[in-house]
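First the structure, in the form of structure tokens, and then the observations on it.
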Amino acid sequence: MTIVAIDAGNTRIKWGVRDGGQWLANGALPTADAAALVAVAAGWPRGARIVLCNVAGDAARDAIFGALPAGADLRLFVASAECCGVSNGYARPEQLGADRWAALLGARGRCADACLVVCAGTATTIDVLAADGRFRGGVILPGFDLMRASLARNTAQLPFAEGHFRPAPTNTMDAIVSGCLAAQLGAIERMFAAIAGEPGARCLLTGGAAPRLIHDLNIPAEVAENLVLDGLARYAAAT
Ligand SMILES: Nc1ncnc2c1ncn2[C@@H]1O[C@H](COP(=O)(O)OP(=O)(O)O)[C@@H](O)[C@H]1O
Ligand SMILES: CC(C)(COP(=O)(O)O)[C@@H](O)C(=O)NCCC(=O)O
Ligand SMILES: [K+]
């Protein structure tokens with residue numbers, strides 16, 4: 001069965017076409033240009049099962065729905081109490097962001113040990129997945145770009161900074177970049193402490209900002225591209 005998975009986040013819509021256990025095509029476009037998905041969707045195999053994960057609000061959802069072929073086999077993916085070997089520890093399971101839930105399903109498909117699942121996007125989410133498949137809970141903080149943008153927007157003298165990660169920065173650009181990175185990395189390393197002693201425990205990083213964070217982490221970590229799309233594909237194959 002051909003599956004089209006769509007991950008609509010607050011910055012970008014990521015999509016992938018999957019068949020026979022392989023990703024055949026992948027792409028992304030700004031969520032603000034959701035209507036442009038029409039041209040992309042025209043190239044997808046007819047009769048594919050489409051699974052949409054949307055955390056970008058109703059307008060994005062409606063724009064995406066409007067861009068899809070009429071009569072498509074379309075499912076809106078939301079968080080649930082249990083799926084694909086993962087149980088949801090949120091007090092109200094449906095409150096968990098569907099992208100976080102999909103990333104957890106994707107992570108479970110890649111590793112059976114305890115895992116810290118980090119989605120580095122508009123926001124950064126850091127979620128604890130136990131070796132038994134229980135999602136214990138996790139944190140939300142502004143993403144790396146959002147932290148820098150908030151300084152630029154809310155201070156007189158600070159620009160949106162590009163710079164280097166330094167232990168003791170000696171210029172404004174490096175000070176901003178290092179402070180925002182230290183906040184991201186510190187949150188991840190602090191959350192990792194919950195599973196650090198468990199055999200094979202590691203951190204999986206996904207999302208557009210993941211390549212920026214991976215280099216300076218002092219824990220076992222790897223970038224797992226398209227973890228959300230993987231989770232959506234697992235869900236589509238299981239339902
Ligand atoms: N080509 C790109 N366009 C936009 N953001 C990008 C791009 N490449 C990397 N990024 C970074 O990734 C973040 C968006 O990542 P993404 O996972 O798509 O977010 P979301 O899921 O919240 O839409 C941006 O905040 C930026 O830091
Ligand atoms: C935290 C998020 C905004 C992250 O979205 P993203 O950065 O991928 O656009 C999203 O997962 C969300 O809207 N969550 C709902 C609240 C929660 O997960 O508790
Ligand atoms: K909001």
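Predicted model, so just to flag it, every value in this text is computed and none were measured. Indexing begins at 1, ligand by ligand and atom by atom, following the structure's order.
Of all protein heavy atoms, the one closest to atom 13 (O) of ligand 2 is Val55 CB, 4.1 Å. Among protein heavy atoms, atom 16 (C) of ligand 2 sits closest to Gln95 O, 3.6 Å. Ranking the protein heavy atoms by distance from atom 19 (O) of ligand 2 puts Tyr90 OH, 2.6 Å first. Here the heavy atom of the protein found nearest to atom 8 (O) of ligand 2 is Asp99 OD2, 2.8 Å. Looking only at heavy atoms of the protein, atom 17 (C) of ligand 2 is closest to Arg100 NH1, 3.4 Å. For atom 7 (O) of ligand 2, the nearest protein heavy atom (residue, atom name, distance) is Ala123 N, 2.9 Å.
Residue Leu96 places no N or O, backbone or side chain, under 3.5 Å from any N or O of ligand 2. Backbone and side-chain nitrogen or oxygen atoms of Thr125 are examined, and none is located within less than 3.5 angstrom of a nitrogen or oxygen of ligand 2. Polar contact check, Asn10 against ligand 2: a nitrogen or oxygen pair lies under 3.5 Å apart.
Numbered from 1 in the order shown, with element, the atoms of ligand 2 that lie under 4.0 Å from a heavy atom of Thr122 read 7 (O), 9 (O). Each of the following atoms of ligand 2 lies closer than 4.0 Å to a heavy atom of Gly9: 9 (O).
Salt bridge annotation for Arg110-Glu225: absent, with no cationic side-chain nitrogen under 4.0 angstrom from a carboxylate oxygen.
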Under 3.5 Å, side-chain donor or acceptor atoms of residues 57-64 against the rest of the protein: list the pairs with distances, not counting sequence neighbours.
unit_1: Asp58; atom_1: OD1; unit_2: Arg61; atom_2: NH1; d: 3.3

Side-chain donor-acceptor contacts of residues 140-149 below 3.5 Å, not counting sequence neighbours, with atom names and distances?
unit_1: Asp145; atom_1: OD1; unit_2: Arg148; atom_2: NH2; d: 2.6
unit_1: Arg148; atom_1: NH1; unit_2: Ala161; atom_2: O; d: 2.7
unit_1: Arg148; atom_1: NH1; unit_2: Glu162; atom_2: OE1; d: 3.3

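In this structure, the salt bridge (charged side-chain N to carboxylate O under 4.0 Å, His left out) partners of Arg100, at least two apart in sequence or on a different chain, are Asp127.
Checked by atom type and distance alone, the side chain of Ser178 pairs as donor or acceptor with a backbone atom of His164 at under 3.5 Å. A distance-only check finds no donor-acceptor pair linking the side chain of Asn10 to the backbone of Thr122 [under 3.5 Å].
In this structure, Thr206 and Asn226 approach most closely via the heavy-atom pair OG1-N, 3.5 Å.
Residues Trp44 and Leu68 meet the side-chain proximity criterion, which asks for heavy atoms closer than 4.5 Å. Looking at heavy atoms from C-beta onward, Asn26 lies in side-chain contact with Leu229 at the 4.5 angstrom threshold.
Around ligand 1, the residues contributing at least one heavy atom under 4.0 Å from the ligand are Gly9, Asn10, Thr11, Arg12, Lys14, Gly121, Thr122, Asp145, Gly207, Gly208, Ala209.
Distance check, rounded to the nearest 0.5 Å: CZ of Arg18 to OG1 of Thr2 gives 11.5 Å.
The environment of Gln157 atom CD is sparse: at most 12 non-hydrogen atoms of other residues, nucleotides or ligands sit within 6.0 angstrom. In the displayed structure, Arg166 atom CZ is contacted under 6.0 Å by more than 12 heavy atoms of other residues, nucleotides or ligands.
Closest to atom 14 (N) of ligand 2 by heavy atom, among Gly97, Ala8, Ala102, is Gly97.
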